[in-house]
Amino acid sequence: MKQDIALAVQAACADVFGVDDQTVVLTRPDEQFGDYATNVAMRLAGALHKNPREVANALADKLRAVLCDTASEVSVAGPGFLNIRLSDAALARAASEEPAASFAGKTVLVEYSDPNPFKPLHAGHLYTTLVGDMIARLVERAGAKTVRLNYGGDVGLHVGKSMWAIVKHLGGEHPEALTQIAEADRPSWLGARYVEGNNAYEDNESAKQEIIAVNKRVYQLHADNDHTSPFAHIYWTCRQWSYDYFATLYTQLQVTPFDRFIPESDVTLLGVATVREQLAKGVYKKSGDAVVFEGEPFGLHTRVFINSEGLPTYETKDVGLSLTKWKEYPNFDKSIIITANEQAQYMQVVIASIRQFAPEPAEHTVHLTHGVVKLQGGVKMSSRKGNIVSALDILAAARVAGAETGTNPSEETVLAAVKYALAKNRMGGDIVYDPKESIALEGNSGPYLQYAHARARSILAKAEGMDMAITPDQAFQPAERLLLRKVAEFAETVERATEEYMPHYICTYLYELAQVFNHFYEHNRVIGSERQLQRLRLVELYADTLKKGLGLLGITAPDAM
RNA sequence: GCCCGCGUAGCUCAGUGGAUUAGAGCGUCUGGCUUCGGACCAGAAGGCCGGGGGUUCGAGCCCCUCCGCGGGUACCA
């Protein structure tokens, strides 16, 4: 609908003023002005050397004729805004319109979550997992063949640190000692080892040298495909513990399962080979014993791809990952990568370097970044000290807050609370997570929307068996029209969220939708009204829209709570 | 130092490619319930949109500059 009208306005500009290629932006004005508004007249006025209102009036005359089937009113207001009001029939059509399939036939890779084995899952992982799931749902709904990828560092310095501490803790390379660690304790035990290794690396020079040696052994273990030595046994066992621990979280969160886990060790060799090959071609440069990419000519900074020890850094592995994606999903249309903000400039350097020898995957890669999740009261967290907020801590905090309010929320409401709280802010900024606010049944929260949905369903249940057909000759009353108008914004909201990869637009919209409904419901009888049929149909449309929107966020919409 | 991002109500945040009168939730205050689930609704108070300059008919939004906060800045990512 919106698109059709924009095209009509564009055509009118061409017909009346001979202006082609005029980008028309339609906005949603205040209800009193109409359903859509545009400022084209004011933008055209300058170039045409005409009065904006004059331009607007000429366009309005044209549009009244062209849009006679969809618009009930085209008016000019203020300095020259064109306001368009939809006819009831057009509005009803718009309200049941599906969002456009803008990714139909396209392949979109979405990489998110990306936890590193041997390290704990912190609140940031929870955030990228949930938001990544939402973005994947958005592009999938838009018709994309979606591939959900999970990339994790099972090699690299952090593994060296952990393995160093693990071996030390086991009193040597004794894999059998691992059996003494209870299954439930494995994640925290591994987390503690990482903190030990990290502290030792920073504080103790001889430990640092040992860790560097252990790191090399881990790479060697992969090169040799060693699954039998005691060291390898410890490595593979602990790596599996990590993957089991990640799976626990994903199951709890009820996110869409990943299509593929790509451990770093799978892409390292390709990355190293590529960087060495491109070193010979001059893309990368030697700097001492290290191999770097000089970012300065691109307005970026220089980064090390292969360190002085001859080991690949994360940069090189990302090169390998990017080429692996292109090889295994050839000619993908989009590769979306979601990470924390701190990697924004890092990723620019990596992509700039890839662009020098593999322009296609580089051009089709989109890097989205998000902020840090802090708990209300915001204490600075440090993984080095081990006092991080873990992913599961956030869920636990929501449960505790729910219990404290006495509402005793179900697990699906706890999930709704956490998902919605993390999704409702524009991605990119830091999130201050307030468990109480997230679980609250009033205010802008997931549970509020679940309740709003359940409430509408209960009205419908009461009217079970009644004829739900709309009576076509009855015009909408103003209050009904307001609700219908809000429902009709669903399609364009989803389209925008998809286009910009911004799930929070959906949150804002759903909350507004629920408020508009509550307003309607407060002042208008549904069951028992003379207009019962139309109104039940409206309630159903509203409930369906709410449910669809929540579904895009990975939030369930129970019929009763 | 340089690069990137961010400063909107007491708090947490929306604010579309510039636009008609800056919005919401929480909190505070005032009203409305033997209810189609009041987990709601109606209303009030609370803003030099970090400061200053510029462009424009018009700037929270664009440009410049300063201040503050966060991140990055060669061998972690």
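Note that the structure is a prediction, hence the values are computed from the model and not measured. Just so it is clear: chains get the letters A, B, ... in the order the sequence lines come, proteins before strands, and each one is counted from 1.
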>> Once you apply a heavy-atom cut-off of 4.0 Å, does A:Glu315 come out as touching a base, just sugar-phosphate, or nothing?
In response: sugar-phosphate
>> I'd like the P distance from B:G27 over to B:C11, given in whole Å.
In response: 16 Å
> Starting at CG of A:Asp289 and ending at P of B:A74, how long is that distance when rounded to a whole Å?
Replying inline: 18 Å
> Which part of the nucleic acid, if any, lies within reach of A:Gln515 when heavy atoms closer than 4.0 Å are counted: base, sugar-phosphate only, or nothing?
Replying inline: sugar-phosphate
>> On the side chain of A:Gln32, is there an atom forming a donor-acceptor pair with the base of B:U21 - under 3.5 Å, no angle test?
In response: yes
>> Partner lookup for B:A44, please. Criteria are Watson-Crick or G-U wobble with both distances under 3.5 angstrom; report none if nothing qualifies.
In response: B:U28
> In whole Å, what is the span from the CZ atom of A:Phe517 to the C1' atom of B:A39?
Replying inline: 14 Å
>> Going by centres under 5.5 angstrom and planes under 30 degrees, do the aromatic ring of A:Tyr521 and the base ring of B:C40 stack?
In response: no
>> Can you check the distance between B:C41 and B:G46, where both ends of the measurement are the P atom (answer in whole Å)?
In response: 23 Å
> At under 4.0 Å, does any side-chain N or O of A:Arg455 touch on OP1 or OP2 of B:A39?
Replying inline: no
> Which sits closer to the 5' end of RNA chain B, A:Pro312 or A:Met561, going by the nucleotide each is nearest to?
Replying inline: A:Met561
>> With a cut-off of less than 4.0 Å, is there a side-chain N or O of A:Ser458 near OP1 or OP2 of B:G37?
In response: yes
> Rounded to whole angstroms, how far apart are NZ on A:Lys317 and P on B:C75?
Replying inline: 15 Å
> Using a cut-off of less than 4.0 Å, is there contact between a side-chain N or O of A:Lys462 and OP1 or OP2 of B:G37?
Replying inline: yes
>> Could you check whether A:Arg496 pairs with A:Glu499 (Lys NZ or Arg NE/NH1/NH2 to Asp/Glu carboxylate O, under 4.0 Å)?
In response: no
> Starting at CG of A:Leu300 and ending at P of B:C2, how long is that distance when rounded to a whole Å?
Replying inline: 18 Å
>> Measuring only the P atom in each nucleotide, how far is B:A22 from B:C61? A whole number of Å is fine.
In response: 14 Å
>> Using a heavy-atom cut-off of 4.0 Å across all strands, would you classify A:Ala452 as base, sugar-phosphate, or nothing?
In response: nothing
>> Suppose you measure atom P in B:C6 against the same atom in B:G10; what distance do you get, rounded to whole Å?
In response: 23 Å
> Looking at A:Arg496, does any N or O in its side chain come under 4.0 Å of the phosphate oxygens OP1/OP2 on B:U16?
Replying inline: no
>> What's the closest nucleotide to the side chain of A:Ala560 if the choices are B:U20, B:G37, B:C75?
In response: B:G37
>> At less than 4.0 Å, is any side-chain N or O atom of A:Asn518 found next to OP1 or OP2 of B:C41? Yes or no.
In response: yes
> Under 4.0 Å between a Lys/Arg side-chain N and an Asp/Glu carboxylate O for A:Arg455 and A:Asp559?
Replying inline: no
>> Side-chain N or O of A:His519 versus OP1/OP2 of B:A42: is the shortest distance under 4.0 Å?
In response: yes
>> I need the CD1-P distance between A:Ile431 and B:C13, as an integer number of Å.
In response: 7 Å
>> Tell me whether A:Lys2 is salt-bridged to A:Glu495, with the criterion being a basic N under 4.0 Å from an acidic carboxylate O.
In response: no
>> Need one value for A:Glu342: base, sugar-phosphate or nothing, where a base atom within 4.0 Å counts as base even if backbone is also close, heavy atoms only.
In response: base
> Should the pair A:Glu530-A:Arg535 be classified as a salt bridge under the 4.0 Å nitrogen-to-oxygen rule?
Replying inline: no
>> Just the rounded figure in Å: distance from C1' of B:C75 to CG of A:Leu157.
In response: 10 Å
> What is the distance, rounded to the nearest whole Å, between atom CZ of A:Arg457 and atom C1' of B:A39?
Replying inline: 18 Å
> If you look at every strand shown and take non-hydrogen atoms under 4.0 Å, does A:Tyr509 touch a base, only sugar-phosphate, or nothing?
Replying inline: nothing
> Touch check for A:Asn444, heavy atoms < 4.0 angstrom, all strands: base, sugar-phosphate only, or nothing?
Replying inline: sugar-phosphate
>> Between A:Gly299 and A:Met42, which residue's closest nucleotide on RNA chain B lies nearer the 5′ terminus?
In response: A:Gly299
> Is any NZ, NE, NH1 or NH2 atom of the basic residue among A:Glu196 and A:Lys161 found under 4.0 Å from an Asp or Glu carboxylate oxygen of the other?
Replying inline: no
>> Could you tell me how far B:G25 sits from B:C67 if I compare only their P atoms? Round to whole Å.
In response: 38 Å
> Reckon A:Pro29 touches a base, only the sugar-phosphate, or nothing at all at heavy-atom distances under 4.0 Å?
Replying inline: base
> In the structure shown, which nucleotide is the Watson-Crick or G-U wobble counterpart of B:G37, with both distances under 3.5 Å?
Replying inline: none
> If you measure from the P atom in B:G5 to the same atom in B:G23, how many Å do you get, rounded?
Replying inline: 29 Å
> Which part of the nucleic acid, if any, lies within reach of A:Asn524 when heavy atoms closer than 4.0 Å are counted: base, sugar-phosphate only, or nothing?
Replying inline: base
> Base, sugar-phosphate, or nothing: which does A:Asp559 touch, judged by heavy atoms less than 4.0 Å apart?
Replying inline: base
> What nucleic acid atoms does A:His301 come within less than 4.0 Å of, heavy atoms only: base, sugar-phosphate, or nothing?
Replying inline: sugar-phosphate
> Do A:Thr302 and B:A74 share a donor-acceptor pair, side chain to base, under 3.5 Å?
Replying inline: no
> Touch check for A:Ser287, heavy atoms < 4.0 angstrom, all strands: base, sugar-phosphate only, or nothing?
Replying inline: base
>> Is A:Tyr448 close enough to B:G25 that one of its side-chain N or O atoms is under 4.0 Å from OP1 or OP2 there?
In response: no
> Are side-chain heavy atoms of A:Tyr448 and A:Gln515 found at a separation under 4.5 Å?
Replying inline: yes
> Parallel, tilted or perpendicular: which describes the rings of A:Phe298 and A:Phe293, with under 30° parallel and over 60° perpendicular?
Replying inline: parallel
> Roughly how many Å is it from NZ in A:Lys216 to P in B:C75, rounded to a whole number?
Replying inline: 16 Å
>> Classify A:Ser308 by what it touches in the nucleic acid, base, sugar-phosphate, or nothing, heavy-atom distance under 4.0 Å.
In response: base
>> Classify A:Asn425 by what it touches in the nucleic acid, base, sugar-phosphate, or nothing, heavy-atom distance under 4.0 Å.
In response: sugar-phosphate
> Is A:Phe33 touching bases, backbone alone, or none of the nucleic acid, heavy atoms closer than 4.0 Å?
Replying inline: base
>> Can you confirm whether or not the ring centre of A:Tyr127 sits under 6.0 Å from the ring centre of A:Tyr433?
In response: no
> Has the side chain of A:Asn524 got a donor or acceptor atom that lies under 3.5 Å from a matching backbone atom of A:Phe520?
Replying inline: yes
